[in-house]
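First comes the structure, then the notes that go with it.
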Protein chains: 2
Amino acid sequence: MMAYTYDHPHPAVTVDVVLFTIRDDDLKALLIQRGQEPFEGSWALPGGFVGIGESLRRAAWRELREETGVHAGYIEQLHTFGRPGRDPRERVITVAYLALLPSDRLEPAPASDAKAAKLFSLKNLPDLAFDHANILRRGHERLKEKLDDSVIALQLLPVAFTHSELRRVYELVLGVTLDKRNFRKKISALDVIEATGEEKRAGPHRPAKLYRAKNPHDVPFR
Amino acid sequence: MMAYTYDHPHPAVTVDVVLFTIRDDDLKALLIQRGQEPFEGSWALPGGFVGIGESLRRAAWRELREETGVHAGYIEQLHTFGRPGRDPRERVITVAYLALLPSDRLEPAPASDAKAAKLFSLKNLPDLAFDHANILRRGHERLKEKLDDSVIALQLLPVAFTHSELRRVYELVLGVTLDKRNFRKKISALDVIEATGEEKRAGPHRPAKLYRAKNPHDVPFR
DNA sequence: GCAAAAGTGTTTGAGGTACACCCATGC
DNA sequence: GCATGGGTGTACCTCAAACACTTTTGC
């Protein structure tokens, strides 16, 4: 067993990932069931220790992949949580990340030291380990803030999507209902999507036009 | 000499503080001159290692005080910077804080392992150690963002201030000039300041009414 | 009296909100 | 033919931006 020695005490540094997606007409967060103490068996955010030569963002991306099989699309730093005592083992400072992924690119597959990886509706969350409930809440708040002044909603949709689907993202994240016509006007003013020319038939009603992001920069890592 | 041993490598965790104030009709940042390697003699943000049982915010506040003699008023977490190699000694992850203080409550007094502590105009910054130039830039960006949708500007003013002084804070931080009448209307709509009844005489012109924050919560730690 | 900043309203344009009907389809 | 969601336009209101003159003082 290797040992690492320092002349002053060092906290441990972890990353944790709040990943949101939309599935079954619901905003969901990806959680894992811990396979180790502390909090063995509890649900928690995917995350883990930062490698000593690894960037924080890369660690977040790696831990998410290792514990859930999910390759994050969009990912941004959220906040750093370091209250002494938040981890019963030792002083642990965690850098939280917010990640978004369209449901069609997400199939949880528990691995590493997770017993299970599952999507949970925000309306029906289990108790979470550590201070993860708080981190998740902050992730949701950040997502709401960003939705208003950016095209981040495209990160939660497949490559081609209908206007209704886009509007539904806003409604689910913000927890409101939006006027169809006003929403079209707003999106049109942003000038960030364009019709693909295709249509989507989905039931006994007029088919919906499909759209895509105009600027590939709005949908990185795709 | 004590030694601290762990079974996997731990990065060091520091805090760094971007403190802004307004002095001599200019937006200034507080910097220290390093008294130790690495970057001995270089200018840098005040900051240092987080105590093993100390919260991040408290560490930021303490390091600022120890290195510059300044007791921060407003302080909020900015971002965490952890690129491997940003510190030549070892892996160091730093949690940056944004702090604001009215000039009348700030008298830099170098201490601890700083050779000097001084305010620098943002227009005339020296080269900075580590990635501190980048952190400082992010601090300024955050300050600009927050100015628009909060009453944070009050953190940069003395208890009583004139309308012109308040407007000048916005102008200096945002780097624009603002219309006197429109600005009054905007502030009035926010409903966060009230006249003290006093006036300020400052030269061969009509005296200006003095104002203060209505809600003490807008000026915490004062 | 003159120089200097304080103080004060109105007009205009843009953007957000409220609101109702026809269209194309599957069954 | 009917139920279902897709698609469209107008009126109103609020807020941001442009813009000029009078007031009070120190010298």
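What you are looking at is a predicted structure, and each value in this text was computed from that prediction instead of being measured. Labels below follow one simple rule: chain letters A, B, ... track the order of the sequence lines, proteins then strands, and each chain is numbered from 1.
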Write down the distance between [atom1] ([X]) and [atom2] ([N]), rounded to a whole number of angstrom.
| X | N | atom1 | atom2 | answer |
| --- | --- | --- | --- | --- |
| B:Lys200 | C:dA4 | NZ | C1' | 16 Å |
| B:Lys209 | D:dT23 | NZ | C1' | 12 Å |
| B:Lys186 | D:dA18 | NZ | P | 13 Å |
| B:Leu190 | D:dC15 | CG | P | 11 Å |
| B:Arg167 | D:dA17 | CZ | C1' | 15 Å |
| B:Glu199 | D:dT24 | CD | C1' | 9 Å |
| B:Arg206 | D:dC27 | CZ | P | 18 Å |
| A:Ile187 | D:dG7 | CD1 | P | 14 Å |

Could you check whether [X] gets within reach of a base, just the sugar-phosphate, or nothing at all, counting any heavy atom under 4.0 Å?
| X | answer |
| --- | --- |
| A:Thr162 | nothing |
| B:Lys180 | base |
| B:Arg201 | sugar-phosphate |

Point to revise | Residue mapping more 5' on DNA chain C - nearest nucleotide basis, B:His163 or A:Asn182 | key: B:His163
I want to verify a distance call: between [options], whose nearest atom is closest to the [X] side chain?
| X | options | value |
| --- | --- | --- |
| A:Arg184 | C:dA6, D:dT8, C:dT25 | D:dT8 |
| B:Arg181 | C:dG9, D:dG26, C:dA6 | C:dG9 |
| A:His205 | C:dT8, D:dG5, D:dT25 | D:dG5 |

Exercise for review: Check whether any side-chain N or O of A:Glu171 sits under 3.5 Å from a backbone N or O of A:Thr177 as a donor-acceptor pair, and report yes or no.
Suggested key: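 Not confirmed, A:Glu171 side chain does not pair with A:Thr177 backbone.
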Check your understanding: Is there a donor-acceptor pair closer than 3.5 Å between any side-chain N or O of A:Arg57 and the backbone N or O of A:Ile75?
Key -> yes
Review point. Is NZ or CZ of B:Lys209 both nearer than 6.0 Å to the six-membered ring centre of B:Tyr211 and within 45° of the ring axis?
Key: no
Practice item. Give the C-alpha distance, both sets of side-chain angles, the deciding distance and a yes or no for ring pair (Phe, Tyr, Trp, His ring centres under 6.0 Å) between A:Trp43 and A:Phe120. Key: CA-CA 10 Å; A:Trp43 292 93; A:Phe120 284 84; 4.8 Å; yes
Review point. Taking OP1 and OP2 of D:dG5, is either one under 4.0 Å from a side-chain nitrogen or oxygen of A:Ser164?
Key: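 So the side-chain polar atoms of A:Ser164 never come under 4.0 Å of the phosphate oxygens OP1 or OP2 of D:dG5.
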Review point. Hey, are A:Arg142 and A:Glu76 close enough for a salt bridge, meaning a charged N less than 4.0 Å from a carboxylate O?
Key: yes
Check your understanding: Which residue lies toward the 5' end of DNA chain D, A:Lys185 or A:Pro204, if each is placed at its nearest nucleotide?
Key -> A:Pro204
